[in-house]
Amino acid sequence: MESENNILIVLANKDFRDEEYNIPEAIYKENGIGIKVAAADPNDCIGTGGTIISPDLTFDQVNEDQFDAIMFVGGLGVERYFADESAIGLAKQFYQDKRIVSAICWAPVILAKAGIVSGKRVTGSSDSKNDLVAAGGNYTGAEVEIDSNIITGNGPEASEKFAQTVTDAIIK
């Protein structure tokens, strides 16, 4: 990758939230952050609004040393990753390596399943609240939360603020 700062964006192969990908992608590019997209399989990722993204990597091809941050995009399709050891493993590895771990909307549940939200201020869609609290997270319902190296956003309407917060943390 050519950029000094890089982010790995994780998409569901089906039913990710378009704006939770498109808005952050534009903000990252504006700020010179390199982007790679990962998914469970190499097939195109299709958003609920019709956005089609071809992943650059599958989970088994990710080398976290190439990235400053990881971002999990929400939408109903992300439920597939709640029991996916590879997706959960990426969240754990990035967290343990002190890299930025971010998730928006329904995707913070992946962080809960990874066991990394305990004692942290987190947000997400209202549907994610029970999972986040059960994992020991302090669910706030705020638009965006940042606690150590974890950044969470509560849904599509928070996409711009969420992406700017992630950008600021990467570029710091």
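Throughout, residue positions are numbered sequentially from 1 according to the sequence presented. Keep in mind that the numbers below use all heavy atoms, side chains included, and drop hydrogens, waters and symmetry copies.
- Thr123 and Asn154 form no side-chain donor-acceptor contact under 3.5 Å, judged by distance and modelled atom types alone.
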Q: Please assess Tyr28 against Val166 for the test side-chain contact (heavy atoms from CB on, under 4.5 Å), listing each intermediate value before the final yes or no.
A: CA-CA 9 Å; Tyr28 300 147; Val166 173; 3.5 Å; yes
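- Note: Tyr21 and Phe16 have perpendicular aromatic rings, judged against thresholds of 30 and 60 degrees for the angle between ring planes.
- Using modelled atom types, one side-chain atom of Asp56 and one backbone atom of Val37 make a donor-acceptor pair closer than 3.5 Å.
- In this structure, Tyr139 contributes its side chain and Ser128 its backbone to no donor-acceptor pair below 3.5 Å.
- Phe67 contributes atom CZ, which lies 6.5 Å from atom CG of Asn6 (distance to the nearest 0.5 angstrom).
- In this structure, NZ in Lys120 is found 13.5 Å from CG in Leu132, a value given to the nearest 0.5 Å.
- Counting heavy atoms from C-beta outward, Pro108 and Val122 have side chains that stay 4.5 Å or more apart.
- To the nearest 0.5 Å, the span separating CD1 on Ile151 from CD on Glu145 amounts to 11.0 Å.
- With hydrogens and angles disregarded, a donor-acceptor distance shorter than 3.5 Å links the side chain of Asp18 to the backbone of Thr48.
- The two residues Asp44 and Pro55 come nearest to each other via the heavy atoms CA-CD, 4.1 Å.
- Scanning both residues, Cys105 and Gly75, for their nearest heavy atoms gives SG-N, 4.4 Å.
- Checking each of Ile116, Val109, Ile110 against Lys113 for a side chain to side chain contact (heavy atoms under 4.5 Å, CB included) leaves exactly one that passes, namely Val109.
- Side chain of Asp97 to main chain of Arg99: no donor-acceptor pair is present (N/O by atom type, distance under 3.5 Å, no hydrogens or angles).
- In this structure, CG on Asn5 lies 9.0 Å from CD1 on Ile100, to the nearest 0.5 angstrom.
- No donor-acceptor pair under 3.5 Å is formed between the side chain of Ser159 and the backbone N or O of Pro24.
- For the atom pair Leu8 CG and Phe94 CZ, the distance stands at 5.0 Å (nearest 0.5 Å).
- A salt bridge does not link Asp68 with Lys98: every distance from a Lys NZ or Arg NE/NH1/NH2 to an Asp or Glu carboxylate oxygen is 4.0 Å or more.
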**Q.** Asn22 vs Thr51, side-chain contact (heavy atoms from CB on, under 4.5 Å): CA-CA, chis, key distance, verdict
**A.** CA-CA 9 Å; Asn22 293 328; Thr51 299; 3.2 Å; yes
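- Of the possible donor and acceptor atoms, one in the side chain of Gln61 sits under 3.5 Å from a partner among the backbone N and O of Thr58.
- With Thr152 as the partner, the side chain to side chain contact (heavy atoms under 4.5 Å, CB included) test is satisfied by one option alone out of Asp147, Leu111, Ile104: Leu111.
- Checked by atom type and distance alone, the side chain of Asn13 pairs as donor or acceptor with a backbone atom of Asn43 at under 3.5 Å.
- Residue Leu57 is grouped with residue Val10 when hydrophobic side chains (ILVMFWY) are merged at heavy-atom distances under 4.5 angstrom, including chains of intermediate members.
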Q) Yes or no on side-chain contact (heavy atoms from CB on, under 4.5 Å) for Glu79 and Phe82, after CA distance, side-chain angles and deciding distance? A) CA-CA 5 Å; Glu79 288 182 30; Phe82 294 174; 3.7 Å; yes
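- Residues Asp41 and Arg80 are paired through a salt bridge, judged by an N-O separation under 4.0 Å between the basic side chain and the carboxylate.
- Taking the centre of each ring, Tyr81 and Phe59 come in below the 6.0 Å mark.
- Hydrophobic clustering (side-chain heavy atoms under 4.5 Å, transitive across Ile, Leu, Val, Met, Phe, Trp, Tyr) keeps Ile23 apart from Val73.
- The two residues Cys45 and Ala39 have their closest heavy-atom pair at SG-CB, 3.7 Å.
- Formation of a donor-acceptor pair under 3.5 Å by the Glu20 side chain with backbone atoms of Gly74 is found in this model.
- Looking only at side-chain heavy atoms (C-beta outward), Ile53 and Leu11 come within less than 4.5 Å of each other.
- With 3.5 Å as the limit, one finds no donor-acceptor pair spanning the side chains of Ser125 and Asp127.
- For the pair Arg121 (side chain) and Ile146 (backbone), a donor-acceptor distance under 3.5 Å is present.
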Q. Are Ile170 and Ile7 close enough, and set up right, to give a side-chain contact (heavy atoms from CB on, under 4.5 Å), and what steps lead you there?
A. CA-CA 9 Å; Ile170 291 171; Ile7 188 166; 4.1 Å; yes
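- Judged by distance alone, the side chains of Thr167 and Gln164 never bring a donor and an acceptor atom under 3.5 Å apart.
- Grouped with Leu76 in a hydrophobic cluster is no other residue, since no side-chain heavy-atom contact under 4.5 Å to another Ile, Leu, Val, Met, Phe, Trp or Tyr is found.
- The line from CD1 of Ile35 to CD of Glu25 is 5.0 Å long, rounded to the nearest 0.5 Å.
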